[in-house]
Amino acid sequence: MKKSPLQIARSTYEPKMPHALRGNVALHLGAPTESVADQEAIKNLFPNTYGMPLITFEKGEAVQYPAVNVGVILSGGQAPGGHNVIAGLFDGLKRLNPESKLFGFLGGPSGLIDHKYMELTKEIVDEYRNTGGFDIIGSGRTKLELPEQFESGIVICRELGIKAIVIIGGDDSNTNACVLAEYYKQKNCGIQVIGCPKTIDGDLKNSQIETSFGFDTACKVYSELIGNIQRDANSAKKYWHFIRLMGRSASHIALECALQSQPNICLVSEEVAEKKMTLNQIVDQIVSVIVNRAEAGLNFGTILIPEGLIEFIPAMKQLISELNDLLAHNEDFNALETDDEKRQYVKGKLTEESRSVYRDLPKGIAKQLTMDRDPHGNVQVSLIETEKLLIEMVAKRLATLKANGIYHGKFSALNHFFGYEGRCAIPSNFDADYCYTLGNAAAILIVNGKTGYMASVKNLTKSADEWIAGGVPITMMMNMERRHGEMKPVIQKALVDLNGAPFKYFEAHRAQWADANTSYIYPGPIQYYGPSEVCDQPTQTLKLESGVKL
Ligand code: FBP
């Protein structure tokens, strides 16, 4: 297969690893752990995997480990670096015992349930080193949560002699990994389960997991694109760019991109929810910046919009929840033929408050809210074009202001959505190194008989040499939350903390970025080769959260 010069060069890149992992490793066990909340409930639900100690890896003596067969699963949306977790796991297992084998379950968790797998040999793994994508074995969103699925997993693991499964996924997939680990431990069936923190959304992090992999690369790709757009805007001086950024629920991606590129406006969903803002208030906020800049003769700018925004506006959240309940498997609705009939039907069933929100929405957006649901019956936020909704509402408001002689500018807007552009990019050095280390850490946890742990790497703002790898009991990250009407143990999702350093930095600077003295930064493309201060920088979020000054 023909490859680009960069692909060829990256195939020989050797990921950097912490000093402690380059040689024989010993495990340092910390004190017993507690879950972040609801300790009694979590302890009762996970009697066999609760309270285990934190593990850190240190330099140790040579140990002869028996060969072990391991299965690996990629779960959920793609994130740059997944292939390097697999490469690190493969190399780690082989280094500890060359007879060990790695199997990949195909197409996500369903591969384990349906017994679809392949053995990952050196030739296969070598093809995928330092590449983006999850195509080595594919991914999927099947939820691994039912005992019959777990039992089916036991059958294939017995057949292949698999003693451990590594699940590379987000908060939900790692929650399921934890349930699976507990189930297998309780049945004493000799199958360990280890998780790895993946998601571009950056919302799987906590006191022990500093960041999920993929966030770094994805944000750098989007920031490059935003910077390019800003340079164009500053050259042509004629468009307002409304840019929606992926990140299903949390606004970490939008915030990080704002820190990297300093746009005129960045909306943060968590702030919208906290201040209980309405759609009209958000529009007012945007309009006021546009009017101010127009007064200085600047009829252009950039606005970042997090993908999940709509669900954080309280009135919209209520409307979406009513629509989710109303439209889940609703044959009457599905039988209606025209958009108008559907609109009337929906209006007739909503509460008065939601009806008025629904009625005021542009028709196209109202329609998007009633279109295809995900397998759980929820509206698919990534398909809602919030950027277009805002353009339409802002244009209307500006037209009124113009008619009243308050606004004298010219408003021409363009819309963008950046998501899939960054999910499979060639991993940055940070993600390539971080993921390779995570894979190696998973291998060490496995040969040491651990289960119910997530591989972890800390100290990530330091050079890779000084990173500290180990394992964190997944139960430690859990709390009880209501899901589909029932209280369930789940890993706590990390939304943007409005008291955290990244938001505080943004809050302190946003007025300056919004005003007439354009403060744009142009980050440029990810650099894979060159000086370390250009190639190995972690995200601004990670730096600020670690106390590094920008
Ligand atoms: P994960 O949470 O599985 O990592 O996926 C994140 C994400 O990229 C979101 O940002 C986005 O909303 C969603 O996946 C899109 O999903 P799909 O790939 O099904 O279009």
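Counting starts at 1 for both ligands and their atoms, in listed order.
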Is the distance between the ring centroids of Tyr434 and Phe213 less than 6.0 Å? no
List the closest protein heavy-atom neighbour of [atom]: residue, atom name, distance to the nearest 0.1 Å.
atom                    : value
atom 8 (O) of ligand 1  : Arg423 NH1, 2.9 Å
atom 16 (O) of ligand 1 : Arg141 NH2, 3.0 Å
atom 11 (C) of ligand 1 : Glu307 OE1, 3.5 Å
atom 4 (O) of ligand 1  : Thr199 OG1, 2.8 Å
atom 10 (O) of ligand 1 : Asp201 OD1, 2.6 Å
atom 20 (O) of ligand 1 : Tyr420 OH, 2.5 Å

Looking only at side chains, do Asp91 and Asn440 share a donor and an acceptor under 3.5 Å apart? no
Gln149 and Tyr183: side chain donor to acceptor below 3.5 Å: no
Under 4.0 Å to a heavy atom of [X] - the qualifying atoms of ligand 1, by number:
X      : result
Gly76  : 3 (O)
Arg248 : 9 (C), 10 (O), 12 (O)
Lys198 : 1 (P), 3 (O), 4 (O)

Charged N to carboxylate O below 4.0 Å: is that the case for [X] and [Y]?
X      : Y      : value
Asp203 : Lys493 : yes
Lys275 : Glu271 : yes
Glu145 : Lys488 : no

Quick one, Tyr50 and Thr475 - any side-chain contact, counting heavy atoms below 4.5 Å? yes
Contact check, Gly77 vs ligand 1, heavy-atom distance below 4.0 Å: yes
Does ligand 1 have an atom under 4.0 Å from some heavy atom of Ala79? no
Considering distance alone, does some N or O of Met246 sit under 3.5 Å from an N or O of ligand 1? no
Ser75 to ligand 1: N or O pair under 3.5 Å? no
Residues forming a ring pair (Phe, Tyr, Trp, His ring centres under 6.0 Å) with Tyr13, sequence neighbours excluded: none
From the list Lys363, Lys388, Glu385, side chain to side chain donor-acceptor pair (under 3.5 Å) with Gln368 holds only for Glu385
